[in-house]
Amino acid sequence: MRKPRLLYVPFWLTYVFLYAPIVVLVAMSFNAGGSPYSFEGFSLKWYGELAGNAEIRQGLVNTLIVAAGSTALSTVLGTLLAVGLARHSRSRVLDAIGVLPAVLPDLVLGIGLLLFYVWIRLSLGLHSVMLAHAVFGMAFVAAVVRTRLAGADTSLEEASRDLGATPAATFLRITLPQLAPGIAAGALLAFTLSVDEFVIAFFTSAPTEPTLPIVIYSMVRFGVTPEINALATVLLAVSFSVVIAAQRMTRLTESFS
């Protein structure tokens with residue numbers, strides 16, 4: 001029995017509502033005119049203007065530094081957290097605490113981290129944003145790696161220990177290679193989240209070292225320009241590319257499960 005076509009109407013309307021603004025934004029980034037609301041012809045000049053903007057370039061450099069550092073921390077801590085929760089703990093409380101940074105509202109996490117930095121007298125800068133992003137990034141890495149751990153062959157680890165290998169050697173030579181696809185997927189996800197994150201960076205960064213989302217916020221307060229549309233399009237392309245790569249890594253992880 002065929003389903004009535006009217007059932008698909010809400011489905012497609014939802015997609016239009018979600019993605020039509022993004023399509024308009026991308027189209028207006030190629031606008032030859034200076035108005036962000038009327039298309040006056042195709043042009044790439046706003047991408048050239050974007051490349052020549054020193055403030056945006058510095059914001060991008062700051063964002064990449066933070067994203068690279070937080071991704072490295074998130075990957076290491078998230079992997080160890082996943083292994084610890086899956087192999088050495090059966091506590092639901094610890095499981096909940098491990099994923100708590102991923103489900104907390106960004107506003108709450110940002111304010112909490114700012115108060116913590118003030119309490120320990122840590123100066124604000126790129127290092128404080130990096131640590132803040134690592135806090136929630138490791139929760140996402142741990143979730144992805146635990147998916148891989150659920151399907152890992154524990155008999156190989158047991159055989160390694162029976163043959164006299166130390167726990168460290170077993171982890172490095174047996175466990176870690178099995179987790180590699182999941183670790184890579186988690187790292188890509190953590191990198192994407194760090195690049196796009198605004199609220200936590202807003203609370204934990206120094207005014208002299210803003211990340212790119214903060215630079216964009218300071219620019220759009222005075223109105224959206226085609227240059228902002230071009231920047232948003234570039235970020236959209238980067239985010240989609242990294243998310244697709246992470247998704248493929250996750251599928252690879254599931255295929256080996």
Consider only side-chain N and O atoms of E49 and N53, and report whether a donor and an acceptor are under 3.5 Å apart.
no
Straight-line distance of T211 OG1 to I65 CD1, nearest 0.5 Å
11.5 Å
Answer yes if F42 and V23 sit in the same cluster of Ile, Leu, Val, Met, Phe, Trp and Tyr residues linked by side chain heavy atoms under 4.5 Å apart, and no otherwise.
no
V195 reachable from I216 in the ILVMFWY side-chain graph, under 4.5 Å edges
yes
Does a side-chain heavy-atom distance below 4.5 Å link F191 with L64?
yes
With rounding to the nearest 0.5 Å, note down the distance linking OG1 in T63 to CD in E209.
11.5 Å
Report yes or no: do Y19 and V26 belong to one cluster of Ile/Leu/Val/Met/Phe/Trp/Tyr joined by side chain heavy-atom distances under 4.5 Å?
yes
Yes or no on side chain to side chain contact (heavy atoms under 4.5 Å, CB included) for Y47 and S29, after CA distance, side-chain angles and deciding distance?
CA-CA 8 Å; Y47 289 90; S29 70; 2.8 Å; yes
Worked verdict on L212 versus N62 for side chain to side chain contact (heavy atoms under 4.5 Å, CB included)
CA-CA 7 Å; L212 189 57; N62 292 341; over 6 Å; no
Within one Ile-Leu-Val-Met-Phe-Trp-Tyr cluster: V16 and M28, side-chain cutoff 4.5 Å:
no
Looking only at heavy atoms, the pair that brings A187 and V141 closest together is N-CG2, 4.3 Å
Check T204 against A132 and note the closest heavy-atom contact, atom names and distance.
OG1-CB, 3.9 Å
d(W46 CH2, I228 CD1) to nearest 0.5 Å is 11.0 Å
Which atom of I214 lies closest to which atom of A201, heavy atoms considered
CD1-O, 3.6 Å
With rounding to the nearest 0.5 Å, note down the distance linking CD1 in I200 to CG in L131.
12.5 Å
Please check this pair: side chain of T79 against backbone of T75, looking for a donor-acceptor N/O pair closer than 3.5 Å.
yes
Under 3.5 Å, is there a donor-acceptor pair linking the side chains of S194 and H133?
yes
side-chain contact (heavy atoms from CB on, under 4.5 Å) test vs F203 passes for just one of L113, L107, V129, namely L107
Spacing of F116 atom CZ and S128 atom OG [to the nearest 0.5 Å]
12.0 Å
Minimum heavy-atom separation for V215 and G59, please, with both atom names.
CG2-CA, 4.1 Å
Minimal non-hydrogen separation, V144 against A185, with atom names
CG1-CB, 4.0 Å
Heavy-atom closest pair, residues A134 and S74:
CA-OG, 3.3 Å
With clusters built from Ile, Leu, Val, Met, Phe, Trp and Tyr whose side-chain heavy atoms come within less than 4.5 Å, directly or transitively, what are the remaining members of the cluster of L77, listed by chain and number?
M138
Which value, rounded to the nearest 0.5 Å, describes the distance between L104 atom CG and F136 atom CZ?
12.0 Å
R148 side chain to Q178 backbone, donor-acceptor under 3.5 Å
yes
Is there a continuous path of hydrophobic side-chain contacts, each under 4.5 Å between heavy atoms, that joins L85 to V99?
no
